[in-house]
Amino acid sequence: MQKPGLIKEVGALLYWSMLAACTVGPGTVVTCARAGAEYGLHLTWALFVASILAYIMLEASARLTIVSGLSLGQCLQIKYQNGRKICGTALICWVVVTSIYLGNQLYELNTFAGGLDAVLAIPGASELTGQSAVILRVGTCLAYAVVVLGLLWFDKTETLGIFLGLTMMGMVGLFLVVVVQMNLLTPGGIAMALIPNIPLKVANGAEPTDLILSLVGTTAVGFNLFLGGAMAKGRKLSSAQRGIAFSCCAAFLVSELILMVGAGHYIQSKNTDQPLTRFTIQQLTAFVKEFTGPAGVLVFAIGFIAAALSSQLATPLGATATAESIFFMPDGLGEREVADHVKLETVEKQVTDLESKEQREKQKKRNIKIMKQTSNFFMVAIATVVISTNVDRILVILVAQVFNGCLLPIFSVCLLICINDEKFMGSSPQKGWSNILLVISVTFTIFLAGNVLVQKLFSWVLVEVWSRLVVAAGLAVGGILAVCMTTGLGRSLARSWGCKGNEKKVTQRGAQLSVCTDQEH
């Protein structure tokens, strides 16, 4: 009797695992492995905290969509429809879409860089030199570009995405085998690694603050807030919460396994008094080969390629989905209500309006297709050209993760503002404890981004780590207070904290926008 329900629940969890697949890409592999190889387990806490942040914000994005029936992008368009506009679209929406496109373009560079390293991880590939190495590098990038553009053009990404996800799981199993066989980690060491700390910079290593923000940026992915909201349409809140929790846990476990493998290399170097050299994927490949042999390296390479290809598909899809939700809203959304009475119109007028509406819908579909295909082409083409020139791929991945980590506060602030707006959440207002968690999460993202900016701009003045942390904390608290005072968010937060947990305040506008009234609140 319970079998159909169990199958349905498993199907729902697999549906939401798409978020984990978008999270764990080649950038995650490189960033987590590098964090472990350069700082051991010291940055494990950043992954753990980032996973909690990801759940809190993704759950809020899903709840916003389920209650209001609108995506985060549509909510922003409606909320600021009377503000400053460019070509009929609110200025804040242009900022969000531009940020998404810039961030995802760097992510696409990230995925192509990781994809090339995945091919070079195949036994014998990294040993090529001269013209052969150039042909392999350029040919690999062109092959990725042809496959990605072809799949995006014919809209065949879903089936392949499932296959690539299963292939990537083989790589996850490989990392688990390596972690067990290397026998270098202790439960006490792993537990201690969950205590937040910022280690001193090591020679030939990246700045620890950069890696911390990179780990957050690769785990709490900004455009997943828009993707998660789109996935939540037509779903129940309780099911979405379980699915998002499953996705975040899966992403954390995969990322932590990769970090542990890198930490094994770090611990091994320490035990043998070998100096830590600049991190490369070849180091990770050699470490995997030591415990699993050539077969393990081949599994790693194939799984790495699958992770790269799935991310190369997901990145432009995320950007165009956000643009579509903002620039191509369904007719009637955001328009003010008209009077209840309806004027009598002639039959000819009704037919004309119907034909006009059909023509508008056809033109909109054409415009959406043009926007998507143009965006896909340029995003993939830029990544292909840049990575083909043999740039520093490890640096490209680090820059992409740090940049998107700095964008995360912008998206999380937009989410915090919209989910506390009665127009969208009137039928099921945000609870006080939910707001506490969300405000803490948003403030922490501002703190991490501020810490990196302070370190880059004022490290010559603020030499001590604690001084930079104090300044970053001041920026975070000041930033969230400024948002509260300038947007009216403060009043909404105070109202939620002053109400009982089970109190519901239903407004006329909120009731109209609500498409789901049976979720548990």
Side-chain angles (χ1 to χ4, degrees), residues 57 60-61 64-65 68 70-109 217 220-230 314-336 360 363-383 399-400 402-421 423-424 442 445-446 449 453 479-480 482-483 486-489:
M57 290 189 287
S61 178
L64 174 65
T65 298
S68 69
L70 303 170
S71 68
L72 176 57
Q74 291 170 340
C75 288
L76 288 172
Q77 179 74 301
I78 293 173
K79 184 172 181 62
Y80 296 102
Q81 62 182 335
N82 296 322
R84 183 173 296 181
K85 295 183 178 181
I86 299 177
C87 298
T89 301
L91 179 61
I92 183 63
C93 294
W94 282 100
V95 172
V96 168
V97 172
T98 303
S99 299
I100 288 283
Y101 266 76
L102 288 175
N104 281 29
Q105 180 62 74
L106 286 175
Y107 268 141
E108 194 72 349
L109 288 167
V221 183
F223 77 84
N224 270 1
L225 297 182
F226 297 88
L227 178 61
T315 300
L317 284 175
T320 54
T322 303
E324 181 182 356
S325 70
I326 291 179
F327 295 136
F328 299 95
M329 294 178 62
D331 292 338
L333 279 183
E335 295 179 359
R336 295 187 178 275
R360 288 198 306 270
Q363 184 61 42
K364 181 187 289 186
K365 289 181 179 179
R366 284 195 294 267
N367 292 340
I368 290 175
K369 186 173 183 179
I370 292 172
M371 179 273 293
K372 287 184 174 181
Q373 300 301 347
T374 303
S375 300
N376 294 340
F377 175 79
F378 279 104
M379 198 168 285
V380 172
I382 291 173
V399 170
V402 170
F403 182 81
N404 279 278
C406 290
L407 291 180
L408 186 58
I410 298 175
F411 305 143
S412 58
V413 165
C414 291
L415 174 62
L416 180 62
I417 291 173
C418 288
I419 204 170
N420 280 283
D421 194 318
K423 289 197 300 290
F424 311 125
V442 174
T445 63
I446 300 174
L453 293 176
I480 200 68
V483 171
T486 57
T487 63
L489 175 63

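Here the structure is a predicted model, which means the values were calculated and not measured.
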Quiz item: Please walk me through it: do Asn104 and Glu108 pass side chain to side chain donor-acceptor pair (under 3.5 Å)?
Solution: CA-CA 6 Å; Asn104 281 29; Glu108 194 72 349; over 6 Å; no
Quiz item: Yes or no on side chain to side chain contact (heavy atoms under 4.5 Å, CB included) for Met379 and Tyr101, after CA distance, side-chain angles and deciding distance?
Solution: CA-CA 9 Å; Met379 198 168 285; Tyr101 266 76; 3.9 Å; yes
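- When all heavy atoms of Val96 and Cys414 are compared, the pair lying nearest together is CG2-SG, 4.1 Å.
- Minimum interatomic distance between Lys364 and Phe328 (heavy atoms only, all atoms of both residues): CG-CD2, 3.9 Å.
- Evaluated for a side-chain contact (heavy atoms from CB on, under 4.5 Å) with Val413, the options Ile417, Leu415, Leu416 yield exactly one hit, Ile417.
- Of all heavy-atom pairs spanning Thr65 and Gly229, the tightest one is CG2-O, 3.1 Å.
- Residues Cys75 and Ser68 form a side-chain contact, since some pair of their non-hydrogen atoms from C-beta on lies under 4.5 Å apart.
- For the atom pair CD (Gln77) and CD1 (Ile92), the distance works out to 11.5 Å, reported to the nearest 0.5 Å.
- Taking 4.5 Å as the limit, some side-chain heavy atom of Leu64 sits within range of a side-chain heavy atom of Cys418.
- Here the side chain of Thr322 pairs a donor or acceptor atom with the backbone of Gly318 at under 3.5 angstrom.
- To the nearest 0.5 angstrom, Met57 atom CE is 11.5 Å from Leu72 atom CG.
- Expressed to the nearest 0.5 Å, how far OG of Ser412 lies from CG of Leu225 amounts to 7.5 Å.
- Of the possible donor and acceptor atoms, one in the side chain of Gln74 sits under 3.5 Å from a partner among the backbone N and O of Ser71.
- Tested against Lys369 for a side-chain contact (heavy atoms from CB on, under 4.5 Å), the candidates Lys365, Gln373, Met371, Arg366 yield a single pass: Gln373.
- Between the side chain of Ser61 and the backbone N or O of Gly228, no donor-acceptor pair lies under 3.5 Å.
- Separating the CD1 atom in Ile326 from the SG atom in Cys93 is a distance of 4.5 Å, to the nearest 0.5 Å.
- The backbone N or O of Gly103 sits less than 3.5 Å from a side-chain atom of Asn404, completing a donor-acceptor pair.
- Side-chain N or O atoms of Thr98 include none that pairs as donor or acceptor with a backbone N or O of Val95 at under 3.5 Å.
- Leu91 places none of its side-chain heavy atoms less than 4.5 Å from the side chain of Tyr80.
- A 6.0 Å sphere centred on CZ of Phe327 holds more than 12 heavy atoms belonging to other residues, nucleotides or ligands.
- Rounding to the nearest 0.5 Å gives a distance of 11.0 Å between CG of Asn224 and CZ of Phe411.
- Listed here is the closest heavy atom pair of Thr487 and Val483: OG1-O, 2.5 Å.
- Atom CG in Leu407 sits 7.5 Å away from atom CD1 in Ile100 (nearest 0.5 Å).
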Quiz item: Step by step, would you call Ile419 with Phe424 a side chain to side chain contact (heavy atoms under 4.5 Å, CB included)?
Solution: CA-CA 7 Å; Ile419 204 170; Phe424 311 125; over 6 Å; no
